[in-house]
Amino acid sequence: MEKQSIKVGLLGLGTVGAGVMKILKMNEEQITRRAGMPVEVKKILVRSLEKERPIKVDASLLTTDPEDILQDPEIDVVVEVMGGVEQTRRYIEKALQNKKFVITANKDLMATAGSELLLLAREHGRNIYYEASVGGGIPLVRPLKHSLGANRIWRIMGIINGTTNYILTQMNLQDMDFEEALKEAQLKGFAEPDPSNDLEGLDAAYKLCILAGLSFNSRVRIDDLHIEGINSVDRRDIFYARELGFSIKLLAIGEELDEGVALRVHPTLIPTTHPLAGVFFENNALYVVGDAVGEVMFFGPGAGAMPTGSSVIADLIEVARNLSHHVENGIMEMDFQEKAILPMEELSSAFYLRLHAKDQPGVFASLATAFGDEKVSLDMIIQKRSDEGLAEIVLVTHAVEEKYFNRALGRIQRFPTIKEINSVFRVIEN
Ligand code: NAP
Ligand code: HSE
């Protein structure tokens with residue numbers, strides 16, 4: 001008998017859950033047509049039944065008992081928008097064992113347990129869809145899996161955390177301080193429940209694991225990545241970067257080289273003319289270089305209720321169509337291979353360095369010698385007088401293997417004339 005509707009159990013009714021419910025109502029007719037059947041949310045798991053919610057839902061839909069969803073044989077799809085890893089993983093395992101499809105916006109979970117969960121899905125003839133876990137409303141998972149499937153992808157480079165991009169934008173354009181910008185990002189619903197995941201680069205790192213896996217057809221673990229967040233970015237760095245023709249962005253970068261794969265998340269100076277420099281506020285972008293297609297860039301809102309809800313519902317429509325057309329679920333992630341991971345020391349970058357030194361003869365010469373001895377060539381230097389006989393010096397090197405830059409930096413740190421190394425960031429020219 002043909003299915004009359006697709007029945008959904010929603011885990012979570014926070015920012016993203018509310019977006020999902022709102023879009024289902026707002027575009028009900030179109031979603032029904034595209035899905036080939038009505039989408040019916042049968043139950044919603046929340047922590048508290050009493051909480052005031054930004055969206056009105058029938059109180060009888062709410063439950064605090066996950067079994068009401070996981071054990072309900074009528075529910076076809078579990079949509080997980082509650083976040084967290086351990087408990088959530090158990091819920092998803094149970095949903096798959098009970099032959100439910102799973103849709104998730106949870107990058108922490110997919111990056112840490114995605115392979116095992118996808119394997120379990122295959123064992124039970126089901127699948128997991130996770131478009132919303134990366135890039136909010138921007139389609140990224142589906143294009144990397146399907147539309148760019150003909151390519152060998154060499155490089156992906158992206159702004160994939162909305163909260164930190166929002167903070168860096170406000171610090172740059174409005175001269176806002178860090179704390180105030182973070183508070184705004186939290187109020188707008190972009191930040192994770194624990195914003196340190198955003199600020200320390202972990203959220204972007206989880207997303208890079210997912211994107212790099214799909215791009216390089218490889219199994220990527222969080223420990224394979226070099227991760228730095230934006231806590232070290234000072235307003236003075238933003239000011240100097242601008243003076244030198246750069247913007248500071250938290251970039252997630254994945255590259256496949258002959259010797260292996262290099263994966264990193266760190267604040268980066270990019271020329272203000274680079275397409276990624278024009279990505280402001282919570283917007284995200286992913287710049288992809290493939291051997292057949294050349295350069296492609298995906299851009300759009302990387303966080304927030306409605307954009308993320310839009311990606312969740314796209315997955316829901318795909319599940320419904322597969323169900324009504326009896327499509328078998330191939331899980332392409334099962335073909336992922338193990339690839340060598342390249343250490344940071346062997347990668348090349350230009351570097352930006354800001355430091356405070358005694359304002360006295362010979363300081364510049366000693367810096368130039370330390371860099372020259374380690375084969376690091378200098379590209380730009382600025383010196384500004386500051387208080388108490390100290391000079392603030394900013395310099396940018398030409399591209400160099402990290403190990404040479406680190407050796408030069410180690411020597412400079414030991415000079416008695418150097419009072420403080422304030423910031424070190426990588427610079428990318430293209
Ligand atoms: P949120 O606003 O904190 O909402 C979480 C929801 O899950 C709440 O309704 C909460 O119930 C419920 N919940 C959490 N833990 C629960 C538990 N143990 N048992 C029952 N219910 C529980 O979070 P969110 O911002 O919507 O994010 C949800 C997920 O989407 C996360 O994985 C996040 O990384 C991802 N994501 C978020 C965004 C975004 O822009 N916010 C974008 C992309 C992906 P109560 O309401 O009763 O507290
Ligand atoms: N906290 C995340 C961000 C939400 O700011 O990008 C979207 O995944």
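For the numbers below, each heavy atom of this structure counts, side chains included, while hydrogens, waters and symmetry mates do not. Counting convention: from 1, in listed order, for ligands and their atoms alike.
Remark: Glu74 engages Lys42 in a salt bridge, criterion side-chain N to carboxylate O under 4.0 Å. Using a 4.0 Å cut-off between charged side-chain N and carboxylate O, Asp315 and Arg142 make a salt bridge. Ion pairing between Asp76 and Lys3 holds under the 4.0 Å rule for side-chain N and carboxylate O. A salt bridge links Glu192 with Lys107: the distance from a Lys NZ or Arg NE/NH1/NH2 to an Asp or Glu carboxylate oxygen falls below 4.0 Å. Salt bridge Glu80/Arg89: absent, no basic N to carboxylate O contact under 4.0 Å.
Contacts of ligand 2 (protein heavy-atom distance under 4.0 Å) are Lys107, Asn161, Gly162, Thr163, Phe190, Ala191, Glu192, Asp198, Asp203, Lys207, Gly302, Ala303. For ligand 1, the 4.0 Å heavy-atom shell contains residues Gly12, Leu13, Gly14, Thr15, Val16, Leu45, Val46, Arg47, Ser48, Lys51, Arg53, Val81, Met82, Gly83, Gln87, Ala105, Asn106, Lys107, Ala132, Gly189, Glu192, Ala303, Gly304, Thr308.
Ring geometry, Tyr129 versus Phe101: the interplanar angle falls from 30° to 60°, so the pair is classed tilted.
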Under 3.5 Å, side-chain donor or acceptor atoms of residues 175-183 against the rest of the protein: list the pairs with distances, not counting sequence neighbours.
from   : atom 1 : to     : atom 2 : distance (Å)
Asp177 : OD1    : Glu179 : N      : 3.4
Asp177 : OD1    : Glu180 : N      : 3.1

When the side chains of residues 245-273 are checked against the rest of the protein, which donor-acceptor pairs come out under 3.5 Å, sequence neighbours left out?
from   : atom 1 : to     : atom 2 : distance (Å)
Lys249 : NZ     : Asn165 : OD1    : 3.2
Lys249 : NZ     : Val279 : O      : 2.6
Glu256 : OE2    : Lys339 : NZ     : 3.1
Arg264 : NH1    : His266 : NE2    : 3.0
His266 : ND1    : Thr268 : OG1    : 3.0
Thr268 : OG1    : His266 : O      : 2.8
Thr272 : OG1    : Gly245 : O      : 3.4

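Taking a 6.0 Å sphere around CZ of Arg321, one finds it holds 12 or fewer heavy atoms contributed by other residues, nucleotides or ligands.
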